[in-house]
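Have a look at the structure below before the remarks.
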Amino acid sequence: MPTSQLIRGYEVVIGLENHVQLSTQSKIFSGSSTAFGAEPNTQASPVDLALPGTLPVLNRAAVERAIRFGLAVGAKVAPLSIFARKNYFYPDLPKGYQISQFEIPVVQGGKVEFFVGDKKHVVNLTRAHLEEDAGKSLHEDYHGQSGIDLNRAGTPLLEIVSEPDMRSGAEAAEYAKTLHALVMWLGICDGNMQEGSFRCDVNVSVRKPGEPFGTRREIKNLNSFRFLVDAVNYEVNWQIDEIEDGRKIQQATVLYNPDTGETRAMRSKEDSADYRYFPDPDLPPLVIAPEWVERVRGEMPELPAVMAARFESADGLPAYDATMMTQSLATARYYEAAKAAGATPKLVANWVMGEVSKRLNADGGEIVAAPVGPELLARLIGRISDGTISNNAAKQVFESLWTGEANDVDAVIEAKGLKQVSDTGAIEAILDEVLAANQKSVDEYRSGKDKAFNALVGQAMKATKGKANPALVNELLKKKLG
């Protein structure tokens with residue numbers, strides 16, 4: 001392993017468990033609504049409250065979403081899987097156990113591919129299993145007491161567990177972003193991290209290269225990719241400090257405090273034996289017939305990897321660009337709409353990854369509501385392609401369009417006087433003046449110093465206030481210099 005990946009001489013080992021709230025209208029074992037924001041305990045049926053004599057009934061739509069995910073990551077969709085009781089006591093867990101899957105999960109294996117920078121990574125998945133969420137304890141408004149809201153109890157989750165294949169916080173964050181984009185692309189989750197629809201638990205350990213895995217600590221309930229990176233970086237350095245000071249790492253569940261940037265232990269980490277799993281006697285085994293799987297496969301949207309491969313082969317995009325254009329379904333649709341409006345695919349990708357992304361990040365906006373829509377961007381790119389304006393001028397036009405100062409490309413070009421000079425005679429006259437005034441650079445170029453050519457181009461662009469067509473300047477200047 002390259003030493004550049006080591007931190008203070010240690011290798012970082014990371015695995016993720018992601019709790020994905022499935023986009024069903026009702027809960028996994030009851031008919032209660034899953035809508036967010038209702039008054040406490042108004043969406044909790046007798047089943048969710050665990051009243052005596054109530055029985056769970058599995059939500060078919062939750063299973064369909066699990067199948068869709070399994071197909072998307074190339075996993076095995078188990079023809080038979082088992083629901084189990086995971087026993088633990090918590091005030092907001094009314095049954096005293098959570099219905100989950102243990103020994104035989106519905107989705108087995110699979111992989112997720114993504115880029116960190118321009119380097120491709122693959123993370124293997126262990127499993128994805130269906131389970132119900134717990135309720136929520138509320139502490140803020142009760143002056144020394146806690147309130148219990150069971151609206152979330154029974155909300156359907158798909159817990160996606162990765163292998164410990166990641167080696168940095170940045171890598172873990174890119175994996176989580178890719179997974180987040182995929183579940184939204186598939187329509188199985190709304191992806192709203194603020195509402196708890198997509199939560200990350202990160203298992204972190206460190207070891208010297210070549211040694212067995214170290215003892216892991218699990219950072220719970222991270223709901224931001226930036227916090228994920230910060231939490232991992234803090235935890236890694238904390239673990240290394242402990243080891244370097246001669247102390248052993250104790251397996252634990254920890255919480256990350258974004259205000260202090262620190263992790264702190266919440267409780268010692270349980271092993272599976274502590275939960276006393278056993279098959280739930282109230283639920284029969286989940287049987288998924290091959291015909292069901294094939295029907296779901298037929299209803300799947302084109303997957304990001306397949307679409308990216310199409311952008312590579314049909315549009316000639318590099319692999320990295322194609323992956324960036326399929327980061328979200330909205331981005332892919334934007335790219336395709338700009339391309340359909342006549343813009344060169346590679347230039348569309350460059351602008352989406354460049355100016356569009358930069359402004360969206362600064363504004364905190366979504367591409368679907370970008371002030372410069374795909375057709376408007378295509379018109380701007382068209383004016384670069386036909387030589388009307390330079391790239392630098394195009395950025396000025398883009399700024400005017402984005403801020404709402406104008407909504408017509410040609411009108412902005414005209415109003416700001418940004419049209420390129422492509423008149424050969426006019427440019428030749430300027431070049432004659434530049435050559436006469438810069439004889440030293442001319443002599444240096446003719447003696448083999450290529451940098452002198454760039455200096456002459458710079459002088460020519462300066463003389464035309466940046467309006468000369470750079471390609472034409474280069475061509476004519478080379479002719480004049482012989």
Side-chain angles (χ1 to χ4, degrees), residues 16-38 42-45 47-48 56-73 75 77 81 83 98-101 105-107 110 112 125 127-136 149-161 176-201 221 223-225 286 288 292-293 295-304 326-333 366-369:
L16 260 68
E17 298 169 13
N18 289 89
H19 290 87
V20 173
Q21 179 176 328
L22 298 174
S23 56
T24 58
Q25 292 184 344
S26 57
K27 295 182 180 179
I28 189 167
F29 299 118
S30 82
S32 300
S33 170
T34 56
F36 182 81
T42 57
Q43 293 179 175
S45 74
V47 173
D48 309 318
V57 178
L58 181 58
N59 184 336
R60 183 181 179 88
V63 179
E64 293 226 342
R65 283 156 176 74
I67 296 171
R68 202 179 300 176
F69 177 77
L71 292 173
V73 296
V77 177
S81 59
F83 284 99
Q98 176 190 27
I99 302 176
S100 183
Q101 292 186 312
V106 64
V107 173
V112 173
L125 302 182
R127 59 191 281 150
H129 59 264
L130 288 163
E131 64 182 21
E132 61 179 349
D133 206 352
K136 188 175 183 181
D149 178 9
L150 294 175
N151 280 348
R152 280 197 73 90
T155 296
L157 303 177
L158 186 68
E159 181 174 344
I160 302 164
V161 183
K177 286 178 189 175
T178 303
L179 199 60
H180 182 251
L182 177 62
V183 296
M184 290 195 295
W185 186 294
L186 295 170
I188 67 173
C189 174
D190 66 18
N192 192 319
M193 297 179 79
Q194 284 67 42
E195 294 179 3
S197 298
F198 185 90
R199 310 195 295 270
C200 306
D201 297 344
N221 288 335
N223 65 354
S224 142
F225 301 123
L286 169 59
I288 299 175
W292 191 5
V293 175
R295 182 175 61 75
V296 173
R297 192 193 304 275
E299 296 167 354
M300 295 265 285
E302 185 180 24
L303 295 174
T326 53
Q327 276 194 316
S328 73
L329 193 54
T331 302
R333 295 285 179 255
E366 299 290 335
I367 197 166
V368 71

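All of these numbers come straight from a predicted model, not from anything done at the bench. Both backbone and side-chain heavy atoms feed into the values below; hydrogens, waters and symmetry mates do not.
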Which atom names give the shortest non-hydrogen contact between [X] and [Y], and what distance separates them?
X    : Y    : value
L71  : V296 : CD1-CG1, 4.1 Å
L150 : G135 : CD2-CA, 4.1 Å
V47  : P56  : CG1-CA, 4.4 Å
A44  : S32  : C-OG, 4.0 Å
L22  : A62  : CD1-O, 3.7 Å
A66  : V107 : O-CG2, 3.5 Å

Please round to the nearest 0.5 Å and tell me the distance separating atom [atom1] of [X] and atom [atom2] of [Y].
X    : Y    : atom1 : atom2 : answer
M184 : F198 : CE    : CZ    : 8.5 Å
R60  : L286 : CZ    : CG    : 10.0 Å
Q21  : M193 : CD    : CE    : 13.0 Å
N59  : F29  : CG    : CZ    : 9.0 Å
T42  : D149 : OG1   : CG    : 7.5 Å
R333 : T326 : CZ    : OG1   : 11.5 Å

Quick check: does any side chain N or O of [X] sit under 3.5 Å from a backbone N or O of [Y], one acting as donor and the other as acceptor?
X    : Y    : answer
R68  : I188 : no
W185 : Q327 : no
D133 : G154 : no
T34  : T24  : yes
Q43  : N151 : no
Q98  : E132 : yes

Heavy-atom side-chain proximity of [X] to [Y] below 4.5 angstrom:
X    : Y    : answer
L130 : L158 : yes
L186 : L303 : yes
R199 : L157 : yes
L179 : F69  : yes
L182 : V73  : yes
W292 : V77  : no

Please list, chain by chain and in numerical order, all residues satisfying salt bridge (Lys or Arg N to Asp or Glu O under 4.0 Å) with E64, sequence neighbours excluded.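 Checked E64 against salt bridge (Lys or Arg N to Asp or Glu O under 4.0 Å); matches are R295.
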Contacts of type salt bridge (Lys or Arg N to Asp or Glu O under 4.0 Å), residue K177, not counting sequence neighbours: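 K177 satisfies salt bridge (Lys or Arg N to Asp or Glu O under 4.0 Å) with E174 only.
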Quick test of your reading: applying salt bridge (charged side-chain N to carboxylate O under 4.0 Å, His left out), list the pairs with at least one residue in residues 22-36, sequence neighbours left out, ordered by first then second residue.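 Qualifying pairs: K27-D48.
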By side-chain hydrogen bond (donor to acceptor under 3.5 Å, both in side chains) - contacts of [X] (at least two apart):
X    : result
S33  : none
Q194 : none
D190 : S197

Evaluate whether atom CD of E302 has more than 12 neighbouring non-hydrogen atoms of other residues, nucleotides or ligands under 6.0 angstrom away.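 Enclosed.
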For Q25, look at atom CD and say whether over 12 heavy atoms of other residues, nucleotides or ligands are found less than 6.0 Å away.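 Result for CD/Q25: open.
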Could you go step by step and tell me if L58 and F83 meet the side chain to side chain contact (heavy atoms under 4.5 Å, CB included) rule? CA-CA 10 Å; L58 181 58; F83 284 99; 3.7 Å; yes
